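Atoms within a ligand are numbered from 1 in the order they appear, just like the ligands themselves. Remember, it's a predicted structure, so these values are computed and weren't measured experimentally. Below, all heavy atoms of this structure are taken into account, side chains as well, without hydrogens, waters or symmetry copies. When a residue number appears, it is its place in the shown sequence, counting from 1.
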Amino acid sequence: MPILSGMARVAGIAGWPVTHSRSPRVHGFWLRRYEIDGAYVPLPVRPGHFDTAMRGLAAAGFAGANITIPYKLEAFALCDEMDDAARRIGAVNTLVFKDGRIKGSNTDGFGFIANLRDHQVDPAAGPALVLGAGGAARAVVAGLAALGAQVTIANRSPARAEALAARFSGVGVVAWDLRSEVLRDHSLVVNATSLGMSGRGELKLNLGLSHPALVVADLVYVPLETALLRAARHHGLRVVDGLGMLLHQARPGFEAWFGVDPTVDQELRQFVAADLAGG
Ligand code: NDP
């Protein structure tokens, strides 16, 4: 880390625990690349202390913070103002402290869409099937719906799929057991479940039933190449892995705190992927 001046801007990632987070690595890479007088630090905030910790950071002159598990809903409740994405998603992952006010945003949907575009995939080119209805699926559905894409959700627990679809106009639901059969009607399928993560079991999806132009996106990034993406490649389908979303979602916060919209490129991908591979 470079020597900081008295003018240094400081931000960090608040969660409990935060030891698993790759955000300090991502932001640290950019701070070094752009030779910025700033720092980005892990902020392990004990349960019950989130509000005090965030107001304390703001009072101490921090530029802002990323928010991870389990505080994204508490962050939502804390904000003085927030952007449309945070409102639509119902959770906040980025805080900016400015002029005594706390502004919240949710950049996961932005990260997902930016990553698709990085892979030359038009997110709204055709109907999208989103598998899952948890926090990540919410951000994906919000991102796609904001672009006017036609979205259908399939989730193991149907009530959660219905509840997510009800937050957006024109979003449909299909039974979990029909997820393979409906593939042929979609140009994009997104795994937003935790299936495929190391130790979580595999997502069963019959890609043999898909349209040849189907794009298969997986939000899981540990492992980087999931069994789903391997199978998709085997079927000659285009794939998008989860690492790019993780990197792109960090951009708006970095720009707000440090004044540069940073680039996501191969060097950064390799820097973070090497860390993921090392556990
Ligand atoms: P949640 O716990 O909020 O949601 C988990 C989802 O997975 C639910 O839809 C759940 O279904 C489904 N699920 C879990 N187990 C099974 C199973 N055995 N069979 C079928 N469905 C199952 O998790 P998140 O939404 O926060 O995260 C989901 C994934 O996205 C994780 O792998 C996470 O790492 C990844 N992620 C990646 C990001 C990135 O930047 N690339 C950002 C955020 C998340 P049900 O409702 O029925 O329980």
Side-chain angles (χ1 to χ4, degrees), residues 13 15 17-18 20-23 25-27 66-73 75-76 85-86 89-94 105-116 118-119 129-144 151-167 171 173-180 189-205 216-229 239-254 264 268-269 272-273 275-276 279:
I13 175 143
V18 288
H20 66 281
S21 174
R22 265 67 187 201
S23 293
R25 200 168 168 84
V26 175
H27 288 271
N66 281 128
I67 309 300
T68 188
I69 291 168
Y71 297 127
K72 291 186 184 183
L73 295 180
F76 183 83
I89 296 168
V92 158
N93 73 348
T94 305
S105 56
N106 192 309
T107 64
D108 279 338
F110 166 87
F112 173 72
I113 298 295
N115 188 38
L116 286 183
D118 229 10
H119 285 76
L129 177 64
V130 177
L131 306 177
R138 254 189 201 210
V140 167
V141 172
L144 290 168
V151 182
T152 302
I153 303 167
N155 191 53
R156 176 181 60 178
S157 311
R160 283 187 90 190
E162 294 289 352
L164 176 53
R167 296 177 70 92
V171 172
V173 171
V174 66
W176 178 245
D177 288 346
L178 294 179
R179 63 193 182 281
S180 294
V189 62
V190 185
N191 175 32
T193 74
S194 43
L195 291 172
M197 276 175 85
S198 302
R200 293 289 181 93
E202 292 304 337
L203 171 65
K204 293 191 176 67
L205 196 62
V216 180
D218 203 334
L219 265 47
V220 173
Y221 55 86
V222 181
L224 201 48
E225 175 155 281
T226 58
L228 172 67
L229 295 185
V239 303
V240 178
D241 68 40
L243 179 55
M245 173 176 171
L246 183 76
L247 302 178
H248 281 285
Q249 65 77 29
R251 282 173 43 206
F254 190 90
V264 171
L268 174 63
R269 268 187 67 92
V272 178
D275 187 50
L276 295 174

List the residues meeting salt bridge (Lys or Arg N to Asp or Glu O under 4.0 Å) with Arg156, not counting sequence neighbours, and say none if there are none.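 Partners of Arg156 under the salt bridge (Lys or Arg N to Asp or Glu O under 4.0 Å) test: none.
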
Looking only at atom types and distance, does a side-chain atom of Asn155 sit under 3.5 Å from a main-chain N or O of Ala133, one as donor and one as acceptor?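 Yes; at least one donor-acceptor contact below 3.5 Å.
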
With sequence neighbours left out, what residues match Phe254 under ring-ring contact (aromatic ring centres under 6.0 Å, His included)?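 For Phe254, the residues satisfying ring-ring contact (aromatic ring centres under 6.0 Å, His included) (neighbours in sequence not counted) are His27, Trp30, Phe258.
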
By side-chain hydrogen bond (donor to acceptor under 3.5 Å, both in side chains) - contacts of Thr107 (at least two apart):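 Residues passing side-chain hydrogen bond (donor to acceptor under 3.5 Å, both in side chains) with Thr107: Asn93, Gln249.
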
Strictly under 4.0 angstrom, heavy-atom based: which residues surround ligand 1?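 These residues qualify: Gly132, Ala133, Gly134, Gly135, Ala136, Asn155, Arg156, Ser157, Arg160, Trp176, Ala192, Thr193, Ser194, Leu195, Met197, Leu219, Val220, Tyr221, Gly242, Met245, Leu246.
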
How many angstroms lie between CG in Asn106 and CZ in Phe76, if you round to the nearest 0.5 Å?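 Between Asn106 CG and Phe76 CZ, I get 9.5 Å after rounding to 0.5 Å.
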
Quick one: do the Thr226 and Asp218 side chains pair a donor with an acceptor below 3.5 Å?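 A pair is found: one side chain offers a donor N or O, the other an acceptor, under 3.5 Å apart.
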
